[in-house]
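Report on the following structure.
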Amino acid sequence: MTYNNKKLGAFIVPTGIGASIGGYAGDASPYARKFAKYTNIIVNPNVVNAGGFSGICENMFYVEGYSIDSFFKGEINLLPSTDNKIGIIYDKSIPQDVLNVHRNTQNAVSAVYGIDISAYTVTDEEVGVEFFITDSGISTGNIKNIQTLDRACEKMLSLGCNAIAVVCFFEEPEEDNPEYANGIGVDPVGGVEAVISHYISKKYKIPCAHSPAFEDYTIYPDLVNPKSSSEYITPTFLPCILLGLSNAPRLSTDLTKGINVKDVDFLVMPHDCLGSVPVFESLKNNIPVYAITENKTELDITKEKLFPNSNIIEIETYEKCLELILKN
């Protein structure tokens with residue numbers, strides 16, 4: 001299938017699994033942007049989110065993980081959009097000075113990019129986010145009071161918002177993975193961020209993304225690994241999710257409209273995290289799956305272990321993958 005005369009694919013790097021490319025702060029963006037020069041691609045926020053920056057560009061569809069799964073199952077279609085009305089939900093536990101920094105950021109993004117931030121609210125109770133890294137090296141967490149997010153989300157929807165940004169308060173994460181700044185290991189907060197966005201998207205069928213708020217908003221003065229650096233030069237990570245959500249496709253259960261999974265031409269994944277819904281459904285629907293061996297994660301779910309007789313195409317680099325896709 002072509003969309004705007006280009007092939008349509010999905011370029012996914014799952015969140016919180018320590019991907020060597022895309023496991024840090026927008027560091028998969030240069031690879032995804034090369035694909036977007038020649039194809040249309042569905043990306044999960046983890047691919048392009050980079051704190052005060054964003055790798056999002058034309059020909060990318062910004063879709064969070066649960067909605068990608070639902071799309072690949074054929075439960076929803078994607079409706080391209082360029083004028084979303086974003087509602088922002090702030091956690092009540094965010095200190096006032098930190099909230100002011102985020103409000104200024106929200107207003108700056110709106111003023112510079114013309115993004116429609118239609119409303120914002122503060123939850124009526126503290127959300128209570130906990131995060132941790134499992135023994136297997138995967139980032140995850142819990143939300144103690146999901147009901148307060150429900151009430152805030154319903155308020156935003158009642159005001160006409162059709163995309164939701166969530167900002168929850170997090171304790172400082174350095175003790176969970178002190179090597180993250182050096183480009184090693186797993187983003188300690190990425191997993192529970194995905195839990196939050198999955199929940200909102202599943203329940204309300206709307207685009208959603210999450211940005212953490214930390215009590216310390218001073219700029220980190222030491223040199224860090226370039227893959228992590230965009231998160232160390234900004235007091236808030238809100239800009240990237242607002243830029244992504246502004247043009248995120250809307251989600252439709254009317255399968256006669258918009259982009260359907262049957263329109264997808266290819267799926268690109270790190271080579272050792274193939275145990276996911278997009279992979280299973282792509283194999284069912286004869287969508288070519290490309291497993292990139294230069295991108296390694298904390299998982300060990302490879303073609304050899306899970307799909308030895310499948311048509312999954314293992315290929316060394318993203319560059320070679322793109323060349324092969326364009327030839328076929």
Side-chain angles (χ1 to χ4, degrees), residues 1-4 6-15 32 35-36 39-49 56 58-87 89 116 146 149-150 153-154 156-158 160-166 193-210 241-269 273-289:
M1 185 266 189
T2 59
Y3 178 81
N4 288 346
K6 293 182 178 182
K7 287 185 175 182
L8 172 67
F11 185 112
I12 298 173
V13 181
T15 306
F35 273 71
T39 70
N40 299 288
I41 56 170
I42 298 163
V43 296
N44 59 311
N46 184 61
V47 170
V48 294
N49 282 354
I56 200 76
E58 194 173 350
N59 301 329
M60 287 184 184
F61 298 111
Y62 184 90
V63 184
E64 68 83 41
Y66 178 84
S67 299
I68 287 179
D69 287 354
S70 188
F71 169 76
F72 270 93
K73 289 178 183 177
E75 297 170 346
I76 61 169
N77 279 8
L78 305 179
L79 304 179
S81 176
T82 58
D83 58 352
N84 291 337
K85 298 181 182 299
I86 301 173
I89 298 172
D116 186 353
I146 201 74
L149 285 179
D150 279 331
C153 188
E154 288 160 8
M156 293 296 90
L157 296 178
S158 73
C161 300
N162 51 31
I164 299 293
V166 183
E193 289 193 274
V195 171
I196 293 167
S197 63
H198 290 3
Y199 175 81
I200 297 294
S201 294
K202 178 181 180 180
K203 185 166 184 177
Y204 298 102
K205 295 292 188 293
I206 50 172
C208 179
H210 180 273
I241 70 168
L242 295 177
L243 290 166
L245 289 172
S246 65
N247 295 327
R250 297 179 191 173
L251 313 177
S252 174
T253 54
D254 182 350
L255 302 183
T256 66
K257 298 178 180 178
I259 298 169
N260 184 270
V261 63
K262 294 179 181 178
D263 300 322
V264 175
D265 293 304
F266 62 87
L267 169 65
V268 178
M269 298 284 299
C273 64
L274 300 180
S276 64
V277 168
V279 175
F280 295 134
E281 296 297 325
S282 291
L283 293 176
K284 277 190 206 174
N285 288 290
N286 296 315
I287 298 168
V289 177

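Residue indices begin at 1 and follow the sequence shown. Bear in mind that the values here come from a model prediction, so they are computed numbers and not experimental data.
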Exercise. Measuring from H210:NE2 to L149:CG, what's the distance to the nearest 0.5 Å?
Worked result: 8.0 Å
For this session: Please test D254 against S252 for side-chain hydrogen bond (donor to acceptor under 3.5 Å, both in side chains), starting from the C-alpha separation and ending with a verdict.
Result: CA-CA 5 Å; D254 182 350; S252 174; 5.2 Å; no
Problem set entry | Spatial distance of atom CD (E64) from atom CD1 (I164) [nearest 0.5 Å] | 12.5 Å
Problem set entry | Verdict with reasoning, V43 to F61, per side-chain contact (heavy atoms from CB on, under 4.5 Å) | CA-CA 6 Å; V43 296; F61 298 111; over 6 Å; no
Problem set entry | Heavy-atom side-chain proximity of F266 to I41 below 4.5 angstrom | yes
For this session: Report yes if the side chains of Y199 and D150 come closer than 4.5 Å at any heavy-atom pair, otherwise no.
Result: yes
Exercise. So, does N59 use its side chain to make a donor-acceptor pair with the main chain of A36 at under 3.5 Å?
Worked result: yes
For this session: Could you pull out the closest heavy-atom pair between S201 and Y66, with the gap in Å?
Result: C-CD2, 4.4 Å
Exercise. For atom NZ of K205, is the number of surrounding heavy atoms from other residues, nucleotides or ligands below 6.0 Å larger than 12?
Worked result: yes
Exercise. Hey, are the side chains of V63 and F71 touching, using non-hydrogen atoms and a 4.5 Å cut-off?
Worked result: no
For this session: Compare all side-chain heavy atoms of S81 with those of D83 and state whether any distance is below 4.5 angstrom.
Result: yes
Problem set entry | The single option from L255, V261, T253, T256 passing side-chain contact (heavy atoms from CB on, under 4.5 Å) against N77 | L255
Exercise. Quick one: does N46's side chain get under 4.5 Å of P14's, heavy atoms only?
Worked result: no
Problem set entry | Shortest non-hydrogen contact between D263 and G258, atoms and distance | OD2-O, 4.1 Å
For this session: Could you tell me the separation between the CD1 atom of I42 and the CG atom of L267, rounded to the nearest 0.5 Å?
Result: 9.5 Å
For this session: Check whether any side-chain heavy atom of N84 sits under 4.5 Å from a side-chain heavy atom of R250, and report yes or no.
Result: yes
Problem set entry | Smallest separation among heavy atoms of I76 and S67, with atom names | CD1-O, 3.6 Å
For this session: Would you please say whether a donor-acceptor pair under 3.5 Å links the side chains of N49 and Y62?
Result: yes
Exercise. Of all heavy-atom pairs between P278 and D69, which one has the smallest distance, and what is that distance?
Worked result: CD-OD1, 3.2 Å
Seminar exercise, completed: One should read off an interatomic distance between N247 CG and M60 CE, to the nearest 0.5 angstrom, of 12.5 Å
Exercise. Just how far is it from atom OH of Y204 to atom CG of N162, taken to the nearest 0.5 Å?
Worked result: 15.5 Å
For this session: Quick one: pull up CD in E281 and CD1 in I68 and give me the separation to the nearest 0.5 Å.
Result: 13.5 Å
Problem set entry | CA sep, side-chain torsions, deciding dist, call: L251, L79, side-chain contact (heavy atoms from CB on, under 4.5 Å) | CA-CA 6 Å; L251 313 177; L79 304 179; over 6 Å; no
Exercise. With side chains defined as the heavy atoms from C-beta onward, is the minimum distance between I206 and C153 less than 4.5 Å?
Worked result: yes
Exercise. Thinking salt bridges, do K6 and D265 make one under a 4.0 Å N-O criterion?
Worked result: no
For this session: Could you check if a side-chain atom of M269 sits within less than 4.5 angstrom of a side-chain atom of S276, using non-hydrogen atoms only?
Result: yes
For this session: Any chance you could lay out the side-chain contact (heavy atoms from CB on, under 4.5 Å) test for I86 and L242, step after step, and finish with the verdict?
Result: CA-CA 8 Å; I86 301 173; L242 295 177; 4.0 Å; yes
Exercise. Among I200, I196, I89, which residue meets the side-chain contact (heavy atoms from CB on, under 4.5 Å) test with C208?
Worked result: I200
Exercise. What heavy-atom pair brings P80 and I259 nearest, and what distance separates the two atoms?
Worked result: CG-CD1, 4.0 Å
Exercise. Ring pair (Phe, Tyr, Trp, His ring centres under 6.0 Å) with F280: which residues, sequence neighbours excluded?
Worked result: F307
